[in-house]
> 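Just passing along the structure, written as structure tokens.
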Amino acid sequence: MSEKSVTQSEKNYTAEDYLKFERRDAGKQEFSNGKVLNSGGSSRRHNLIGSNTTIAIGSRVRGHKCEVYVNDMRVKLAQHNYCYPDVVVVNGEPTFEGKELDILLNPTVIVEIMSRSTLQHDKTEKLDRYLAMESVKEIILVKEEDMRVEHYHKQTIN
């Protein structure tokens with residue numbers, strides 16, 4: 001059973017180089033401040049959690065103006081940061097960067113399924129960047145190996 005892991009490239013790249021490479025090679029690598037983060041394959045458990053989460057969310061948003069993306073929607077977190085959340089929900093009209101429609105700018109709900117090898121990165125850098133995004137209202141972190149879910153919800157103060 002393979003486990004999703006993150007390894008970092010040694011070389012620094014520009015965001016433009018990263019996007020050109022990703023689009024040309026149809027890859028799925030995250031990008032953080034000049035570093036390409038390679039993700040390994042996902043385990044059976046990871047895939048089942050992702051599938052079940054997508055089905056559950058899809059049944060809840062049915063009839064609403066929402067779109068649900070699974071695994072392959074690139075999200076721009078900040079100026080030089082891109083990632084592929086496991087599940088992304090957009091409430092309302094999605095906004096994309098450029099004409100390719102492959103970089104989402106306004107996710108509403110983010111779901112990350114964390115393995116032992118991605119836990120540290122997902123709960124620190126990525127979580128902070130998700131929380132900094134104005135459009136993000138909820139973040140759900142699911143631990144792949146344990147029965148544990150962390151739910152972050154932004155509250156509006158009037």
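This structure is a prediction, so every number in the text was calculated from the model and none was measured.
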> Determine, using the 4.5 Å side-chain heavy-atom cutoff (strictly less than), whether Val149 and Val89 are members of one ILVMFWY cluster.
yes
> Look at atom NZ of Lys154 and say whether more than 12 heavy atoms of other residues, nucleotides or ligands are closer to it than 6.0 Å.
yes
> May I ask you to check whether Ser115 and Glu145 show a side-chain donor-acceptor distance below 3.5 Å?
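The answer is no; no qualifying pair exists.
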> Any side-chain heavy-atom pair from Thr108 and Val88 closer than 4.5 angstrom?
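Not touching, per the 4.5 Å side-chain cut-off.
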> First locate atom OG of Ser43, then atom CD1 of Ile49, and finally report the distance between them rounded to the nearest 0.5 Å.
7.0 Å
> With the 4.5 Å side-chain cut-off for hydrophobic clustering, are Leu131 and Leu77 part of the same group?
yes
> Looking only at side chains, do Tyr152 and Glu150 share a donor and an acceptor under 3.5 Å apart?
yes
> Specify the closest pair of heavy atoms between Leu104 and Pro94, including all atoms of both residues, with the distance to one decimal.
CD1-CB, 3.9 Å
> Determine, step by step, whether Leu127 and Ile139 satisfy the side-chain contact (heavy atoms from CB on, under 4.5 Å) criterion, reporting the C-alpha distance in whole Å, the side-chain angles of both residues, the deciding distance to 0.1 Å, and the verdict.
CA-CA 8 Å; Leu127 178 59; Ile139 302 153; 3.9 Å; yes
> Going by the side-chain contact (heavy atoms from CB on, under 4.5 Å) test, name the single residue among His153, Glu138, Lys137 that passes it with Val109.
Glu138
> Kindly say whether Glu112 contributes a backbone atom to a donor-acceptor pair with the side chain of Asp86 at under 3.5 angstrom?
no
> Decide yes or no for Met73 and Pro85: does some side-chain heavy atom of the first lie under 4.5 Å from some side-chain heavy atom of the second?
no
> Roughly how far, to the nearest 0.5 Å, is the NZ atom of Lys126 from the CG atom of Leu141?
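The NZ atom of Lys126 is 9.5 Å from CG of Leu141, to the nearest 0.5 Å.
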> Are Val111 and Leu119 connected into the same hydrophobic cluster when the rule is that any two of I, L, V, M, F, W, Y join if their side-chain heavy atoms are below 4.5 Å apart?
no
> Would you mind reporting whether Met114 and Glu144 have side-chain heavy atoms less than 4.5 Å apart?
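Contact flag for Glu144/Met114 side chains = no.
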> Is the side chain of Ser135 donor-acceptor paired with the backbone N or O of Pro107 at a distance under 3.5 Å, no angle test?
yes
> Would you say the side chain of Val75 lies within less than 4.5 Å of the side chain of Met133, judging by non-hydrogen atoms?
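They are in side-chain contact.
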> Do Ile113 and Tyr130 belong to the same hydrophobic cluster, where Ile, Leu, Val, Met, Phe, Trp and Tyr are linked whenever their side-chain heavy atoms lie under 4.5 Å apart, directly or via other members?
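No; tracing contacts between hydrophobic side chains, which count when under 4.5 Å, never links both residues.
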> Given the rule in the salt bridge (charged side-chain N to carboxylate O under 4.0 Å, His left out) test, do Lys20 and Glu16 qualify, once you have shown the distances and angles that lead to the verdict?
CA-CA 6 Å; Lys20 187 187 312 180; Glu16 293 76 23; over 6 Å; no
> Quick one about Arg74 and Tyr84 (side-chain donor to acceptor, distance below 3.5 Å, no hydrogens or angles considered), yes or no?
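There is such a pair (donor and acceptor under 3.5 Å, judged by atom type) between the side chains of Tyr84 and Arg74.
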> Is the shortest side-chain heavy-atom distance between Ile140 and Ile110 below 4.5 Å?
no
> With a 4.5 Å cut-off on side-chain heavy atoms, are Ile57 and Val87 touching?
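Yes - at least one pair of side-chain heavy atoms lies under 4.5 Å apart.
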> How close do Asn106 and Thr95 get, counting heavy atoms only, and between which atoms?
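Where Asn106 meets Thr95 most closely, the heavy atoms are OD1-N, 2.7 Å.
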> Could you tell me if the side chain of Asn12 sits less than 4.5 Å from the side chain of Lys35, heavy atoms only?
yes
> With side chains defined as the heavy atoms from C-beta onward, is the minimum distance between Phe31 and Asn81 less than 4.5 Å?
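The answer is no, as the side chains (C-beta and beyond) never meet within the 4.5 Å cut-off.
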> Show your reasoning for whether side-chain contact (heavy atoms from CB on, under 4.5 Å) applies to Phe96 and Leu101.
CA-CA 5 Å; Phe96 296 93; Leu101 305 180; 3.6 Å; yes
> Applying side-chain hydrogen bond (donor to acceptor under 3.5 Å, both in side chains) as the test, list every pair that has at least one member in residues 51-67; sequence neighbours left out.
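Pairs touching residues 51-67 that pass the test: Lys65-Glu93, Glu67-Tyr69.
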> State whether the number of non-hydrogen atoms from other residues, nucleotides or ligands found under 6.0 Å of Glu100 atom CD is greater than 12.
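Yes, the 6.0 Å shell around CD holds more than 12 heavy atoms from other groups.
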